[in-house]
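Have a look at the structure below before the remarks.
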There are 2 protein chains.
Amino acid sequence: MASRSTQILEAAARVIARRGVRGLRVEELAEEAGVSTGLIYYHFKDRTGILRHTLEFINDRAERYTTAQDPGAEPLSPREELDQVLLLELQDTPEVRENSTAWGELRASAVFDPVLREDLARATLVWVQEVAALLGQVHPLAPAARLASAAERLTALLEALSMRWLSGGLAIDHARTLVSEAVEVELALLGRL
Amino acid sequence: MASRSTQILEAAARVIARRGVRGLRVEELAEEAGVSTGLIYYHFKDRTGILRHTLEFINDRAERYTTAQDPGAEPLSPREELDQVLLLELQDTPEVRENSTAWGELRASAVFDPVLREDLARATLVWVQEVAALLGQVHPLAPAARLASAAERLTALLEALSMRWLSGGLAIDHARTLVSEAVEVELALLGRL
DNA sequence: GTCTATAACGGGATAGAC
DNA sequence: GTCTATCCCGTTATAGAC
């Protein structure tokens with residue numbers, strides 16, 4: 001059922017995870033997706049078009065795996081949901097690796113690419129607000145600005161630890177511990193107002 | 001008294017800040033440095049050689065500006081020194097911008113380049129230990145593992161906020177506030193043991 | 001929608017003179 | 001140590017057939 005476009009974007013995530021944004025060759029992507037380069041340009045216009053759509057693709061995918069619910073299981077408490085949304089981004093599975101790698105690459109590229117910059121800023125905002133909302137469910141009385149700051153710190157921390165993990169300087173278990181502790185600390189801070 | 005090599009590395013920092021690692025063209029670097037491309041290859045062997053030496057260069061430079069002391073001024077308290085080491089990385093000056101941009105780019109590149117990876121891991125470790133030592137001066141009784149964790153979180157947070165700042169998604173004043181609060185929180189946590 | 005073929009270009013790296 | 005000249009490869013993007 002996967003459309004041609006989807007098939008190409010799935011391949012793009014894999015290739016970016018393997019070679020990075022700067023190492024993405026349209027020809028290699030074509031081979032990975034099992035299509036021709038011409039078709040890729042037909043669907044995505046140019047190299048930047050590929051990257052923008054890949055960003056959208058990995059965002060949707062992350063949304064899916066961080067908010068997945070076992071049907072029939074106990075519904076999660078706000079605190080559990082919070083932990084899940086953050087810690088599920090630190091798993092050593094192909095899907096998460098691909099997503100994190102691509103996200104990091106696109107984030108880095110955005111510093112020099114105004115087009116990506118806008119898309120990235122929008123996606124980041126959505127993510128921060130999602131985390132802020134979960135923090136707000138745990139501490140309903142905390143002021144919105146405080147929630148936003150905490151969410152910005154937690155998401156930023158997660159981004160940086162992901163990159164250190166992906167560049168081999170940090171074990172994933174340790175990264176998870178560091179995030180867990182950070183959540184703990186931010187919640188304690190919010191409770192103390 | 002800047003040697004030719006230094007002159008080239010200074011130019012490299014400027015070019016990377018302008019175009020990124022992926023946008024660094026040896027020819028543009030040559031022009032920026034006022035030398036020929038041949039000379040660059042003579043001194044640094046290849047593209048990767050340029051990047052490795054640039055990493056070393058920006059590390060030395062950061063060491064200088066984050067630990068600078070006004071001669072004749074009051075010596076800083078450990079807490080002040082800590083704030084300074086972290087917050088001086090969030091200034092909108094050409095030097096800091098260049099350093100932060102290059103650091104972020106090299107960090108991102110390291111995910112796909114084993115050579116850079118090693119250099120980066122080493123440099124990161126030194127930085128984390130420096131921050132851990134400062135935290136230890138504020139809280140001499142805190143266990144080393146706790147200090148290390150706090151330092152990892154603070155340096156990681158700083159990296160991520162720098163990138164968000166450089167990609168235009170975050171005002172620098174706000175980034176500074178977020179880091180200050182994080183220092184506060186981490187110190188409170190260390191004091192509670 | 002999809003492919004093949006190729007135009008067009010950019011940029012890393014080296015040879016060799018000075 | 002430094003420069004000029006250039007080789008040569010890889011890559012993006014498009015044209016045109018099916």
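Sequence lines set the chain letters: A, B, ... in the order given, protein chains first and strands last, and positions in each chain run from 1. As a basis for the values below, the full set of heavy atoms in this structure was taken, side chains included, without hydrogen atoms, waters or symmetry mates.
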- prompt: Rounding to a whole Å, what distance do you find between Ile8(A):CD1 and dC3(C):C1'?
  reply: 13 Å
Nearest to side-chain heavy atoms of Leu39(B), which nucleotide of dT2(D), dT2(C), dA13(C): dT2(D)
- line: From CZ of Arg22(B) across to P of dG10(C) the rounded distance in Å is 20 Å
Student check: side-chain heavy atoms of Thr93(B) and Tyr65(B) closer than 4.5 Å: no
task: Evaluate the side-chain proximity of Thr124(B) to Arg107(B): yes if any heavy-atom separation is below 4.5 Å, no if none is.
output: yes
field: Rounded distance (Å) that lies between atom P of dC3(C) and atom CD of Glu31(A)
entry: 13 Å
task: Work out which heavy atom in Leu88(B) is nearest to a heavy atom in Val96(B); give both atom names and the distance.
output: O-CG2, 3.7 Å
field: Atom-pair distance (OH on Tyr41(B); C1' on dC7(D)), nearest Å
entry: 13 Å
task: Give the nucleotide from the list dA13(D), dT2(D), dG12(C) with an atom nearest to the side chain of Asp46(A).
output: dA13(D)
- request: Would you classify Ile50(A) as touching base, sugar-phosphate or nothing, given that sugar-phosphate means primed atoms plus P, OP1 and OP2, and contacts are heavy atoms under 4.0 Å?
  value: nothing
- prompt: Would you call the rings of His53(A) and Phe44(A) parallel, tilted or perpendicular if under 30° counts as parallel and over 60° as perpendicular?
  reply: tilted
statement: Rounded to whole Å, the CD-C1' distance (Glu28(A) to dT12(D)) equals 15 Å
task: Specify the residue among Val35(A) and Val26(B) whose closest nucleotide of DNA chain C lies further upstream toward the 5′ end.
output: Val35(A)
task: Establish, with yes or no, whether the OP1 or OP2 oxygen of dT2(D) is under 4.0 angstrom from a side-chain nitrogen or oxygen of Arg4(B).
output: yes
- prompt: Got a salt bridge between Asp173(B) and Arg176(B), using NZ or NE/NH1/NH2 to carboxylate O under 4.0 Å?
  reply: no
For atom CZ of Arg47(A) and atom C1' of dT11(D), their distance in whole Å: 9 Å
message: Check the phosphate of dT12(D) against Arg25(A), side-chain N and O only, distance under 4.0 Å to OP1 or OP2. Yes or no?
response: yes
query: How long is the line joining NE2 of His43(A) and C1' of dA13(D), in whole Å?
result: 16 Å
task: Identify whether any heavy atom of Leu24(B) sits under 4.0 Å from a base atom; if not, whether one sits that close to sugar-phosphate; answer base, sugar-phosphate or nothing.
output: sugar-phosphate
Presence of Tyr42(B) side-chain N/O under 4.0 Å of dT2(D) phosphate oxygens OP1/OP2: no
- prompt: Rounding to a whole Å, what distance do you find between Phe44(B):CZ and dG12(C):P?
  reply: 15 Å
